[in-house]
Amino acid sequence: MITLQTTEKLAEMAKIKLNEEELCKAQKELCRLADFAEKVSEAALSADVAEEAPSEKERNEDRLFCEMNIKSLPKGSTNIKDGFFRMEAGERK
Amino acid sequence: MTISEIRSLLDEKKISCTELTKELIKRIKEKNDKLNAYCLITEEEALNAAEQADKRIAEGRVQGALDGVPMSLKDNICTKGIETTCCSEILRGWLPPYSASVWDILKSSGAVMLGKANMDEFAMGSTCENSCFGGAKNPYDLQRVAGGSSGGSASCVAAELAAYSLGSDTGGSIRLPAAYCGVVGLKPTYGSVSRFGLVGFAPSFDQIGPITVNAKDSALVFDCLNVQDKKDETSFSGERKPISSSLIGDVKGLKIGLSQELFEGAGEDIIRAVNEAAETLKKAGAEIVKIKLPYIDYATQVYCIIGSAQASCNLSRFDSVRVGNRAGGNDSSEIMTLARAKGFGSEVKRRILMGTMVLSADGRAEYYEKAQKVRRAITASINNALTECDIILSPASAQTAKKVNSNDDFIKEYKTDAYLVGANLAGVPALSMPCGFDHNGLPIGVQLIGKKHGEGELLNCAYAFEQLTQNAYTLRERGSII
């Protein structure tokens with residue numbers, strides 16, 4: 001369940017200012033999106049590839065994607081999440 | 001007119017490139033108020049390029065099939081010194097300091113750019129209505145949407161306001177508007193066309209491709225763009241072969257796979273037209289085989305999670321400090337927050353919030369990592385199906401173009417791309433081509449999905465279909481529709 005507080009925190013991290021009405025609407029939408037996305041969990045459980053390690057090519061593609069993004073993230077970022085949150089915390093490249 | 005027809009007229013000097021460009025700009029000025037396909041008309045640049053093309057033609061130095069051919073670019077493709085906005089308030093007035101590789105390639109091939117094509121803001125949408133300039137309309141019915149996100153590109157090609165256009169396809173954004181507007185839209189294999197200078201939405205899905213009147217034109221534009229680009233780290237380094245000269249229109253022995261999963265939810269008119277298209281190809285010697293695509297039902301959700309995660313990262317640079325228009329504020333945090341609050345539309349904000357959620361400490365394991373696993377399962381499922389057949393055939397959309405401002409629920413909107421996102425998840429090529437009309441006279445699109453770097457096979461099949469149906473569904477024989 002995504003609460004109003006969580007939504008507010010997410011908006012703050014994403015540097016998106018929302019008024020009270022927009023915040024309520026965003027919370028409802030995020031709840032619906034979370035329900036919608038939930039279906040992926042059941043698929044992940046049964047997916048044949050679930051326990052397989054990604055191939056070298058896939059790892060390479062993931063690495064390239066991370067590198068591409070990290071280039072625009074603060075220096076010292078080790079992955080997207082780390083870089084993203086450090087940037088949102090005010091750090092810049 | 002097709003690219004080949006324009007080429008003949010120019011080479012035989014029946015019309016000059018300048019005359020043609022002037023005529024098209026006049027036509028754009030007449031029609032664009034209603035159609036809104038262009039968000040920027042680049043008259044001066046177009047006339048300069050046309051003059052240069054005329055010189056080359058006069059001196060016998062024609063650069064190739066696209067020299068002097070008028071075209072347009074989706075507004076998320078950077079054009080040095082020419083406004084590129086992604087149809088977002090946050091980028092209004094932005095003049096990129098460099099050009100996208102695809103635009104550099106086309107310019108050196110003699111392309112004449114008439115303007116920038118309208119689109120959903122940052123390519124997020126399936127109707128083209130999420131544009132700060134208002135949505136592009138469908139030339140077949142101005143009360144209907146052009147589709148998204150490359151709606152302006154499809155609309156201007158369908159209305160004969162450009163011979164071809166480049167769009168970008170993250171989750172069907174070339175193929176859906178092409179289907180709605182009755183033109184051919186090709187999403188090439190991931191890595192075959194450079195993405196350098198494309199304002200990215202989700203970099204592991206994004207691909208630039210042509211929207212054209214027919215399959216032959218699509219092959220001509222693709223051949224020009226199908227080159228390795230060192231500026232794009234994901235650019236394919238293997239051998240590439242030209243395909244436009246090898247379109248023979250023969251489908252004998254071609255195995256075409258039909259999957260029940262990719263017909264679910266489609267309207268009656270669409271199922272009829274797509275089955276008829278399969279039947280036409282079968283009569284010409286293709287073999288129809290039934291295939292299964294496990295996990296494809298989850299493609300929309302997977303796309304939604306991974307796409308929004310990547311979008312939230314990509315769009316973090318639009319903070320009015322690095323890129324983007326300012327909207328006031330006293331400290332850096334307030335400056336960024338106000339700029340993004342004012343500059344982004346509601347759909348972009350929704351996807352950024354979703355992306356932030358799925359990349360958060362809790363969300364990453366719950367959503368993002370699971371979605372990546374299912375993406376691998378979907379990729380395996382598509383690649384496996386493509387060992388049993390050469391091409392997968394399906395509807396391009398469940399319905400034809402919907403009415404403007406019909407404000408569907410946003411989750412329902414996301415499902416519009418259900419048949420299309422699989423190709424983006426797997427990185428394989430796919431195209432949409434017209435195959436019929438519904439009871440309202442609106443175009444119906446059929447999708448062909450191929451093996452990696454199998455664009456030649458796809459376009460040959462599309463070309464064969466056009467020959468077999470005597471171009472009944474392409475614009476060439478239909479003339480102007482608005």
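All chains are named by letter (A, B, ...) in the order of the sequence lines, taking the proteins before the strands, and each is independently numbered beginning at 1.
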Mind listing the side-chain donor-acceptor pairs of residues 323-332 of chain B below 3.5 Å, one per line with the distance, residues two or more places apart or on another chain?
| unit_1 | atom_1 | unit_2 | atom_2 | d |
| --- | --- | --- | --- | --- |
| B:N325 | ND2 | B:E89 | O | 3.0 |
| B:N325 | ND2 | B:I90 | O | 3.2 |
| B:N325 | ND2 | B:R92 | O | 3.0 |
| B:R326 | NE | B:S320 | O | 3.0 |
| B:R326 | NH2 | B:S320 | O | 3.4 |
| B:D331 | OD1 | B:S333 | N | 3.1 |
| B:D331 | OD1 | B:E334 | N | 2.8 |

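- Closest heavy-atom contact between A:A14 and B:I352: CB-CG2, 3.6 Å.
- Heavy-atom neighbours of B:K342 NZ from other residues, nucleotides or ligands within 6.0 Å: at or below the threshold of 12.
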Please report the C-alpha distance between A:F36 and B:K415 in whole Å, then the side-chain angles of each, then the deciding distance to 0.1 Å, and finally whether the side-chain contact (heavy atoms from CB on, under 4.5 Å) criterion is met. CA-CA 11 Å; A:F36 177 62; B:K415 290 180 182 170; 3.7 Å; yes
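- Taking 4.5 Å as the limit, every side-chain heavy atom of A:E38 sits out of range of all side-chain heavy atoms of B:Q301.
- Atom CD in A:E22 sits 9.0 Å away from atom OG in B:S346 (nearest 0.5 Å).
- In this structure, no portion of B:I378 lies under 4.5 Å from any heavy atom of chain A.
- Comparing B:D297, B:T337, B:V358, B:L315 by heavy-atom pairs within less than 4.5 Å of chain A, the highest count is held by B:T337.
- Within a 6.0 Å sphere centred on NZ of B:K451, heavy atoms belonging to other residues, nucleotides or ligands number more than 12.
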Donor-acceptor contacts, no H, no angles, side chain residues 28-35 of chain A, under 3.5 Å, sequence neighbours left out:
| unit_1 | atom_1 | unit_2 | atom_2 | d |
| --- | --- | --- | --- | --- |
| A:E29 | OE1 | B:R350 | NE | 2.9 |
| A:E29 | OE2 | B:R350 | NH2 | 3.0 |
| A:R32 | NH1 | B:D409 | OD1 | 2.7 |
| A:R32 | NH2 | B:D409 | OD2 | 3.1 |

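- Summarising the geometry, atom NZ belonging to A:K15 is positioned 11.0 Å from atom OG1 belonging to B:T356; distances are rounded to the nearest 0.5 Å.
- Atoms CD and OH, on A:E42 and B:Y298 in that order, are 4.0 Å from each other to the nearest 0.5 Å.
- Checking side-chain atoms of B:R340 against main-chain N and O of A:I16 turns up no donor-acceptor pair under 3.5 Å.
- Using a 4.5 Å heavy-atom cutoff, the side chains of B:Y295 and A:S46 are in contact.
- Between atom NZ of residue B:K370 and atom CG of residue A:L45 there is a gap of 6.5 Å, rounded to the nearest 0.5 Å.
- Both the backbone and the side chain of B:L353 come within contact range of chain A, judged by heavy atoms closer than 4.5 Å.
- Here A:M13 contributes atom CE and B:L359 contributes atom CG; the two are 9.5 Å apart, rounded to the nearest 0.5 Å.
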